[in-house]
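Below is one structure, written out as structure tokens; the observations come after it.
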Amino acid sequence: MSAFVIAVPAKGRLQENAETYFARAGLKLAKPRGAREYRGTVVGVPEIEVAFLSASEIAQQLAAGTVHFGITGEDLIRESIPRADAHVVLLHPLGFGHATVVVAVPQAWIDVRTMADLDDVATAFRLDNDARMRVATKYVNLTRAFFARHGIVDYRIVESAGATEGAPAAGTAELIVDITSTGTTLTANALKIVDDGVILRSQANLVAARGARWDAAARETARLVLDRIAAYDRAASFREMRTRFKACDDALITEARERFGVETPFGGPTSSGMLTLHCPPDQVHALATFLRGHGAASVVVGPLDYVFACENPLFDRLEAAL
Ligand SMILES: Nc1ncnc2c1ncn2[C@@H]1O[C@H](COP(=O)(O)OP(=O)(O)OP(=O)(O)O)[C@@H](O)[C@H]1O
Ligand SMILES: O=P(O)(O)OC[C@H]1O[C@H](OP(=O)(O)OP(=O)(O)O)[C@H](O)[C@@H]1O
Ligand SMILES: [Mg+2]
């Protein structure tokens, strides 16, 4: 039996979140031959093989189709896979690994606020120095595409593997393109983000490889994985609220739906007036107030582990793309 392979970050900042995410979705990863083994399994789902790789390797293997699913940052996907959408499907943003790829220049460049200002500087730099302004980055492809979109041609890229933010002070580049999350590193290096210089807002994504072997068995495994993830996601976006009161009718439920984003997994109230509602977490108190205002004596609220629905929107997206 050919395995269904899911690539999961083995190290770095996405690792822990990725494992936690799968575990919460009911897909507990196991490394049966010790922590240094780079192939693992999912407890209770023998048809899945887990490949533990670095975030950048995951992007490469998705492009090559040697894994079916992978978790990695959108920045790595967009940077390392030309025409990424032809090779992979970004099925689902995962809510962690947030970071932004930005153009940053020395704070001392007070005249540079926008990409248009940067274009002026690039032209002037070329005339004054008889050389092109240097941009240090490891995001070579993202930088080229973004600068081209802004009509900037007078620059050249200096490839940087690490400590990119130090390049301007070290004199190896005039400006940089790099990833930032808190902004601490940029500030520490006396750099500032160009106002319209945000190239990409990235986060970890569940990504499918178009080029993987998508036979019937693989599709069935994908359906199972995505069913669990969708059920977990739905559960995480709601609290369950239960109540019972006479005055509850369809008009009241319609109002609750419109005002609070409520869903009714089992339809309207039962004959005895029992009602189950799924409510966005930040609307729980407002909805409880609303229900009591209409005669509910008590409203009980609890968390949900999974909400399995008939629809599987993640799988539908995959099927439509393959
Ligand atoms: N502050 C941050 N700095 C760098 N990457 C971040 C940050 N926050 C989130 N990320 C995301 O983490 C991913 C990179 O993770 P990681 O550094 O573990 O992988 P890698 O670059 O393949 O490994 P390594 O850096 O060891 O070569 C990227 O998708 C990136 O967007
Ligand atoms: O905006 P901040 O919160 O300061 O984070 C951004 C910094 O974090 C990352 O470096 P990392 O520490 O991962 O080292 P690396 O360059 O080796 O990946 C990234 O390359 C930036 O340098
Ligand atoms: Mg890194």
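Position 1 is the first residue of the sequence; numbering continues from there.
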Is there a donor-acceptor contact under 3.5 Å from the side chain of [X] to the main chain of [Y]?
{"X": "R239", "Y": "V301", "result": "no"}
{"X": "T137", "Y": "V177", "result": "yes"}
{"X": "D75", "Y": "S202", "result": "no"}
{"X": "D130", "Y": "D128", "result": "no"}

Please tell me whether Y139 and F146 form a close aromatic pair, meaning their ring centres lie under 6.0 Å apart.
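No, ring centres 6.0 Å or more apart.
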Give me the one residue out of V88, L62, V89 that meets side-chain contact (heavy atoms from CB on, under 4.5 Å) with R210.
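Going through V88, L62, V89 one by one, the side-chain contact (heavy atoms from CB on, under 4.5 Å) with R210 is satisfied by V89 alone.
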same_hphob_cluster(F22, V45) at 4.5 Å side-chain heavy-atom cutoff:
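Looking at the clustering, V45 is in the same group as F22.
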Given side-chain contact (heavy atoms from CB on, under 4.5 Å), test L275 with R242 step by step and report yes or no.
CA-CA 6 Å; L275 179 65; R242 287 184 300 143; over 6 Å; no
Looking only at non-hydrogen atoms, find the nearest pair between E255 and F290 and report the distance.
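Answer, listing the atom of E255 first, then F290: OE2-CE1, 3.5 Å.
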Looking at R257 and E263, is there a salt bridge between them, counting it only when a charged N and a carboxylate O are closer than 4.0 Å?
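No salt bridge links E263 with R257.
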Nearest-0.5 Å distance that lies between atom [atom1] in [X] and atom [atom2] in [Y]:
{"X": "T187", "Y": "Q107", "atom1": "OG1", "atom2": "CD", "answer": "6.5 Å"}
{"X": "E258", "Y": "I253", "atom1": "CD", "atom2": "CD1", "answer": "12.5 Å"}
{"X": "L186", "Y": "I176", "atom1": "CG", "atom2": "CD1", "answer": "5.5 Å"}
{"X": "D227", "Y": "L314", "atom1": "CG", "atom2": "CG", "answer": "9.5 Å"}

Donor-acceptor side-chain pairing of [X] and [Y] below 3.5 angstrom:
{"X": "D119", "Y": "Y155", "value": "no"}
{"X": "T172", "Y": "R134", "value": "no"}
{"X": "Q61", "Y": "T66", "value": "yes"}

Restricting to salt bridge (Lys or Arg N to Asp or Glu O under 4.0 Å), what partner residues turn up for E220, sequence neighbours left out?
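Partners of E220 under the salt bridge (Lys or Arg N to Asp or Glu O under 4.0 Å) test: R223.
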